Structure formats: C-alpha cells, structure tokens
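Heads up: the structure comes next, in structure tokens.
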Amino acid sequence: QVQLVESGGGLVQAGGSLRLSCAASRLTFRRYTMGWFRQAPGKEREFVSAISWSDGNTYYTDSVKGRFTISRDNSANMVYLQMSNLKPEDTAVYYCAASLSPLPTGSYIYWGQGTQVTVSL
C-alpha cells in the first residue's frame, strides 16, 4: 500500500521559515509528479506547489511564489517544501500528494495525512 507521510509542520512566527518533508513508500517515486496542497479551517483545499516527474519543472500558486520552494530527491523518495517569510494566511494543514500526470493539474491519486502549519503574528 502506497504511503505518503508528511512532517515538519509546527508553530512559527510571521516572517519565519519551515521545511516540510514528505516521505513516499511503495511506489515508483520517480514516475510521480509530487504536489503540496493546503486546507485552512473553513476553506477548501487548495493547490500550493508541484514538481513534475518528467522534467522537474516546478509550479506554484501565486500567493507563495518567491517564498516557497519545492524540491525532490528521487534517490530517497522524498519531496520537500521550503517555506520562508511565512504569513498568518499560510496557516493550514499541508498535504503531500502524488500524481501520474507530468502536469500539476493532473489527478492526484495518493495523499498523505497532513501536517499542521500555524503562523502567528
């Protein structure tokens, strides 16, 4: 059974940084586009970032461009989200997900359990 396990969330002050990690197992990791999504209380889940399996291209939602960086290590089956200059509006549960599509808009078929990120003023 495929597993995606996120870690690295926590409480941080505005302007601070966090690095989220996602460990993937039981899948051919290099064949999956990996994405990060988030869901804030009372809001729908939204796309944050993705990194393509085919060409390594990265994608970001506008609100995090220039602040977040996604990366992957295919040898370790890991994907990361480096988050800097965090804002209170970044507070959410962050989810790692995997898609067979080379594009970030594909269907994500595997999901992690999420990790909480809380940004205080």
Side-chain angles (χ1 to χ4, degrees):
Q1 184 175 351
V2 172
Q3 283 192 319
L4 301 177
V5 180
E6 303 96 335
S7 61
L11 174 63
V12 63
Q13 287 189 325
S17 299
L18 281 174
R19 187 196 196 204
L20 304 184
S21 300
C22 174
S25 60
R26 303 188 184 94
L27 77 170
T28 307
F29 183 76
R30 66 182 184 279
R31 295 294 189 186
Y32 286 82
T33 290
M34 299 302 296
W36 286 97
F37 293 76
R38 65 186 180 187
Q39 187 167 20
K43 295 187 177 181
E44 292 188 354
R45 185 171 59 195
E46 65 170 347
F47 171 82
V48 176
S49 180
I51 183 165
S52 174
W53 67 262
S54 65
D55 53 16
N57 280 352
T58 57
Y59 305 86
Y60 301 93
T61 191
D62 286 346
S63 63
V64 307
K65 284 180 181 177
R67 300 189 298 121
F68 290 11
T69 301
I70 190 170
S71 61
R72 65 190 296 160
D73 181 350
N74 286 344
S75 66
N77 286 9
M78 297 289 295
V79 61
Y80 306 98
L81 187 68
Q82 178 67 48
M83 306 186 295
S84 302
N85 191 20
L86 283 161
K87 305 176 180 180
E89 51 264 42
D90 295 317
T91 294
V93 177
Y94 283 71
Y95 298 91
C96 170
S99 169
L100 286 168
S101 171
L103 298 176
T105 52
S107 176
Y108 288 82
I109 56 177
Y110 299 117
W111 293 83
Q113 83 289 348
T115 186
Q116 176 71 47
V117 171
T118 303
V119 185
S120 63
L121 288 170

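We use all heavy atoms of the structure for the numbers below, so side chains are in, but hydrogens, waters and symmetry mates are not. Remember, predicted model here, so these are calculated numbers, not experimental data.
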Would you say the side chain of T105 lies within less than 4.5 Å of the side chain of F47, judging by non-hydrogen atoms? no

Which other residues end up in the same hydrophobic cluster as L121, if Ile, Leu, Val, Met, Phe, Trp and Tyr are linked when side-chain heavy atoms come under 4.5 Å apart? none

To the nearest 0.5 Å, tell me how far M34 CE sits from N77 CG. 9.0 Å

Any ion pair linking K87 and D90 (charged N to carboxylate O, less than 4.0 Å)? no

Considering only heavy atoms from C-beta outward, does the side chain of S21 approach that of M78 to under 4.5 Å? yes

Side chain R26, main chain Q1, donor-acceptor under 3.5 Å: yes

4.5 Å side-chain heavy-atom contact, C96 and W111: no

Output the distance between atom CD (E6) and atom OH (Y94), rounded to the nearest 0.5 Å. 12.5 Å

Spatial distance of atom CD1 (I51) from atom CG (N57) [nearest 0.5 Å]: 8.5 Å

What verdict does the side-chain contact (heavy atoms from CB on, under 4.5 Å) test give for Y95 and L4, after you've listed the backbone C-alpha separation in whole Å, the side-chain angles of each residue and the deciding distance to 0.1 Å? CA-CA 9 Å; Y95 298 91; L4 301 177; over 6 Å; no

Does the side chain of S52 come under 3.5 Å of the side chain of S54 through a donor N or O and an acceptor N or O? yes

Please check this pair: side chain of T33 against backbone of S101, looking for a donor-acceptor N/O pair closer than 3.5 Å. yes

Does the side-chain contact (heavy atoms from CB on, under 4.5 Å) test come out yes or no for F68 and L86, once each step is laid out? CA-CA 9 Å; F68 290 11; L86 283 161; 3.8 Å; yes

Look up atom CD in Q82 and atom CG in L18, then write down how far apart they are to the nearest 0.5 Å. 8.5 Å

Has R67 got its NZ or CZ under 6.0 Å from the middle of the six-membered ring of Y60, at an angle within 45 degrees of the ring axis? no

What do you reckon, is CD of E89 surrounded by more than 12 foreign heavy atoms closer than 6.0 Å? yes

Taking C-beta and beyond as the side chain, do W53 and N74 meet within less than 4.5 Å on heavy atoms? no

Hydrophobic clustering (ILVMFWY, side-chain heavy atoms < 4.5 Å, transitive) - are Y110 and L81 grouped together? yes

Group every Ile, Leu, Val, Met, Phe, Trp and Tyr by side-chain heavy-atom contacts under 4.5 Å, then state whether Y108 and L100 land in the same group. no

I'd like to know if the side chain of S99 and the backbone of S107 have a donor-acceptor N/O pair within less than 3.5 Å. yes

How about L20 and R38: do any of their side-chain heavy atoms sit closer than 4.5 Å? no

What about V48 and I109, same hydrophobic cluster or not, with Ile/Leu/Val/Met/Phe/Trp/Tyr joined at side-chain heavy-atom distances under 4.5 Å? yes

Identify the heavy atoms of A50 and P104 that sit nearest to each other, and give their distance. CB-CB, 3.8 Å

In terms of hydrophobic clusters joined by side-chain contacts under 4.5 Å, are Y32 and V2 together? yes

Same apolar cluster (I L V M F W Y, side chains within < 4.5 Å links), I70/Y59: no

Minimum heavy-atom distance between L27 and A98, given as atom pair plus value: CD1-CB, 4.2 Å

Do side-chain atoms of T91 reach the backbone of V119 as a donor and acceptor pair under 3.5 angstrom? yes

Please report the interatomic distance CZ(F29) to OG(S75), rounded to the nearest 0.5 Å. 9.5 Å

Is any side-chain heavy atom of D55 closer than 4.5 Å to one of P102? no

